[in-house]
Protein chains: 2
Amino acid sequence: MINTLSLQDTAELIREALSSRRFIVMICMCEAQYIGRARSFLEKGERLIVIKEDTSFLIHRPTELEPVNWQPPPNHISISLGENCVILTVRRVRKPERVVVKIYSFKGFFSDKLSDNGSFHMHLSEKEISEILRKHPELIEDGFRIVSTEFREKAGIIDVLGVDAKGRRTIVEIKKDKAGKDAVKQVLRYVREAGTGVRAILLSPNITPEAEKMLRKNGLEFKKISMLELSRIITYEEHSESSMSRFLRGE
Amino acid sequence: MINTLSLQDTAELIREALSSRRFIVMICMCEAQYIGRARSFLEKGERLIVIKEDTSFLIHRPTELEPVNWQPPPNHISISLGENCVILTVRRVRKPERVVVKIYSFKGFFSDKLSDNGSFHMHLSEKEISEILRKHPELIEDGFRIVSTEFREKAGIIDVLGVDAKGRRTIVEIKKDKAGKDAVKQVLRYVREAGTGVRAILLSPNITPEAEKMLRKNGLEFKKISMLELSRIITYEEHSESSMSRFLRGE
DNA sequence: CGCTTAATATCGTTT
DNA sequence: AAACGATGTTAAGCG
C-alpha cells in the first residue's frame, strides 16, 4: 500500500489510472458532497473509495452493507488539486448528478486492470424443482396429486406425473429458463406417447410468444412459476433438519 | 499492497484482521458460491472483496455498480485452507444464507481500523420538503394551514395534513420526482382511509399523463412545485456556517 | 420511450 | 419477530 506519497503525486497516480481505465481502490480520509435527485453531505472520515473500469463509483464507510455515496456508470471523472486535498469530481453522463470528494490523506491505494471473464449463474436444477413440487403439489394446481417424478419413458424423462383435482392424468414439464418451441415439442412427444385424455402443463418462468401459440394450438397448458419463490421454499423448509440446513449452518 | 506472501501467510493475516474486527480489502483471483434465498455460482476471476468492521461482506467485479455477491451483517466469517486456495466462509447469523469464496491468489491486501465519525446529511428529501412547507404553507395554497407533517396512518405516512382556506381537511402528498401511477395510488389509499369530504393534493415537479388522468378521475388535485425554488429556500434559511456551507464555497 | 414488476432488493419503523 | 412503507431504490421485460 502506498502511503508515503505527496497528494500531488497521488493525484497524478489517480489521473493516470483513470486515463487507462484501471480499477481503482483507495482507503482515505475524505469528505463528500452529492447533488442530484437529492442533496447530501458526508463529513470528514476514513472510507473506502472504489472506481471501477466502467467508471462505476462507490464510497463505503467502515460499517454498513450499502455505500454512503455512489454513481452508476457512465460517469465523467476528473481530478484536481485543492488547498490541502485532492478533489475528485464524478459526474453522471446521462443525468444531472454529481459527487464531489475531497481527499485529505491516503492510507491505501491500488490500481490495476482486473481480468474477470468468469460467468455468473443463478440456478435451481429441474430435479430440485421437481422435488419441491413433490412436497408442494398445490404449486402446480389446487387439488393436484403427484404420482411420480423423474419418470422414464421412451420419449424421455417426464419431470412430474400426476392426477388433477378432476382425476385426469397430467404430465408436468419443468423448464427453469424461458420456454421455447423445443420445450413445447418435448411435451408433445410425451403426450402423444401417453395417448388420449392426458393433460399436459408446461411450468416455467416465461414462454416465448411463438411457443405459446404452438402450445395452445395443441391443447397444452402453460403455468408461470417463479424460481426465486421456489428457492425460498426450499431455504425455509429445509431449515429443520436436512443436509442442506446442516450445510447452511456450516456443519 | 502485499502480493508476495504465501496463501498460508495471507490466511493468517485475514484471520488476525477478522479477530480484531478490522476493515479488510482484497483484490484477488477467486470463485464464489451463494446458497440461501436463491443459489448462485460465480466462476473464477479477479475481483474486489470487502469485509467491513461490522462483518458486512461484498464481492465486486471490475465493472457494474452493484456487487455480484454480498451478505448483510451480522455474519460469522471463517477462514480455512483448501487445496491451492484460501476458503472464506461467510454465514449470516440471522438467516440460513452463506457465501463461500475460494481465493487462489492475491493482487492486493489491506486491513486496518478506519476512523470515521463524520455524520451524513441528506437534504431535500420528502421529509425536508414537508419541513419547508410547514414553514411556508402558502407554497401549497393561499390560506393553507398545516396541522401536521409526517403523520403516520395505517396506509402509510402522510407527508402533510392541513386545512385549506375554506376549512376543508386536506392531504398533501409530496413527490420530489415526476409523479407516476404509484404516487396516485398512494394518495388514493390515504383518501380512502381518511373518509369522505377530504381533499388531496399531489405536489411534485411533474406528473405522467396517465397518472394525471387517474388522478382527475378520482377527484384528486395536482400542483406543480419547483425543487430548485425549494432548495433556494433552504440555502438561505439553513445553518449558514456548517461544514456543508463552507464546503459549498470551496473552503 | 414509458410503464410494470421483480429483487438474495435494503433499511427503517411500527405492531 | 413479522409486516409494512420508502428508497438518490435499481434493473429487467414488455408494449
Side-chain angles (χ1 to χ4, degrees), chain A residues 32-42 56-59 63-73 90 92 94-99 120-124 178 205-209 224-232 234-236 248, chain B residues 32-42 56-59 64-73 75 90 92 94-99 120-130 150-159 173-186 189-190 193 206-211 213-214 227 231:
Chain A
Q33 177 201 27
Y34 160 76
I35 298 182
R37 277 168 285 183
R39 283 156 181 241
S40 71
F41 183 70
L42 174 65
S56 294
F57 179 80
L58 299 157
I59 304 179
T63 59
E64 298 170 32
L65 180 72
E66 304 252 311
V68 61
N69 282 114
W70 68 92
Q71 291 278 71
V90 183
R92 277 184 83 170
R94 302 186 202 289
K95 287 183 181 173
E97 285 184 290
R98 70 172 189 271
V99 172
F120 176 75
H121 307 277
M122 282 267 312
H123 58 265
L124 204 61
K178 187 184 247 192
N206 214 335
I207 187 167
T208 65
K224 187 174 276 194
I225 48 162
S226 155
M227 286 300 137
L228 180 60
E229 202 75 26
L230 291 177
S231 57
R232 274 192 192 124
I234 63 163
T235 309
Y236 285 118
L248 286 165
Chain B
Q33 179 198 28
Y34 161 74
I35 298 183
R37 279 166 286 184
R39 287 157 181 235
S40 72
F41 184 71
L42 175 64
S56 295
F57 178 81
L58 299 158
I59 304 179
E64 298 170 32
L65 180 73
E66 304 250 317
V68 61
N69 283 114
W70 68 93
Q71 292 278 68
N75 294 301
V90 183
R92 279 184 81 173
R94 301 188 203 286
K95 287 182 182 177
E97 284 184 291
R98 69 159 24 177
V99 172
F120 176 76
H121 309 278
M122 276 272 311
H123 302 269
L124 269 190
S125 58
E126 283 167 17
K127 203 177 217 168
E128 230 154 338
I129 295 168
S130 70
E150 303 294 313
F151 189 80
R152 182 165 290 277
E153 271 288 330
K154 273 179 193 165
I157 296 164
I158 296 174
D159 293 327
E173 173 63 25
I174 300 157
K175 283 280 163 260
K176 60 186 171 15
D177 299 311
K178 185 183 251 193
K181 276 184 172 179
D182 279 351
V184 179
K185 283 178 196 163
Q186 192 180 337
R189 279 205 307 275
Y190 299 157
E193 192 175 303
N206 213 337
I207 188 167
T208 64
E210 284 211 2
K213 208 180 292 176
M214 186 176 171
M227 284 300 137
S231 62

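A note on names: the letters A, B, ... follow the listed sequences, proteins ahead of strands, and every chain is numbered from 1.
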For [X] and [N], what is the distance between atoms [atom1] and [atom2] respectively, to the nearest whole Å?
| X | N | atom1 | atom2 | answer |
| --- | --- | --- | --- | --- |
| A/Met122 | D/dA11 | CE | P | 16 Å |
| B/Phe120 | C/dG12 | CZ | P | 12 Å |
| A/Glu64 | C/dC11 | CD | C1' | 10 Å |
| A/Ile225 | C/dA6 | CD1 | P | 14 Å |
| B/Glu66 | C/dA7 | CD | P | 14 Å |

Measure the spacing between [atom1] of [X] and [atom2] of [Y] and express it to the nearest 0.5 Å.
| X | Y | atom1 | atom2 | answer |
| --- | --- | --- | --- | --- |
| A/Leu58 | A/Trp70 | CG | CH2 | 10.0 Å |
| B/Ile59 | A/Phe120 | CD1 | CZ | 9.5 Å |
| B/Leu42 | B/Gln33 | CG | CD | 11.0 Å |
| B/Ile35 | B/Phe41 | CD1 | CZ | 11.0 Å |
| A/Phe57 | A/Asn69 | CZ | CG | 7.0 Å |
| B/Arg92 | B/Arg98 | CZ | CZ | 14.5 Å |

Which part of the nucleic acid, if any, lies within contact of [X], taking any heavy atom under 4.0 Å across all strands shown: a base, the sugar-phosphate backbone alone, or nothing?
| X | result |
| --- | --- |
| A/Glu97 | base |
| A/Val99 | nothing |
| A/Gln71 | base |
| B/Asn69 | base |

Near-parallel close stack of B/Trp70 and C/dA9 base (under 5.5 Å, under 30°): no
Per nearest nucleotide of DNA chain C, the residue lying toward the 5' end, B/Pro73 or B/Val68, is B/Val68
Regarding the side chain of A/Tyr34, the nearest nucleotide among D/dG13, D/dG8, C/dT10 is D/dG8
Side-chain atoms of B/Leu65 come closest, of D/dA11, C/dC11, D/dG13, to D/dA11
Suppose you measure atom P in C/dT8 against the same atom in C/dT4; what distance do you get, rounded to whole Å? 22 Å
Suppose you measure atom P in C/dT5 against the same atom in D/dG8; what distance do you get, rounded to whole Å? 23 Å
Please test B/Arg37 against B/Lys95 for side-chain contact (heavy atoms from CB on, under 4.5 Å), starting from the C-alpha separation and ending with a verdict. CA-CA 9 Å; B/Arg37 279 166 286 184; B/Lys95 287 182 182 177; 4.2 Å; yes
Over all heavy atoms of both residues, which pair between B/Glu173 and B/Ile157 is shortest? Give the atoms and the distance, please. OE1-O, 4.2 Å
Flag the pair A/Tyr34 / A/Glu97 as yes when at least one side-chain heavy-atom distance between them is below 4.5 Å, and no otherwise. yes
Does a side-chain N or O of A/Asn206 approach OP1 or OP2 of D/dA12 to a distance below 4.0 Å, or not? no
Residue-phosphate contact under 4.0 Å: B/Arg37 side-chain N/O, C/dA6 OP1/OP2: no
Starting from the 5' end of DNA chain D, give me the residue, A/Arg92 or B/Arg94, whose nearest nucleotide shows up first. B/Arg94
The criterion is side chain to side chain donor-acceptor pair (under 3.5 Å); which residues satisfy it with A/Gln71, sequence neighbours excluded? none
Report, one pair per line, the protein and nucleotides 2-6 of chain D atoms (nitrogen or oxygen only) whose separation is under 3.5 Å.
{"residue": "D/dA6", "atom": "OP1", "partner": "B/Gln186", "partner atom": "NE2", "Å": "2.9"}
{"residue": "D/dA6", "atom": "OP1", "partner": "B/Tyr190", "partner atom": "OH", "Å": "3.1"}

Is there any protein nitrogen or oxygen under 3.5 Å from a nitrogen or oxygen in nucleotides 1-5 of chain C, and what are the pairs?
{"residue": "C/dT4", "atom": "OP1", "partner": "B/Lys181", "partner atom": "NZ", "Å": "2.9"}

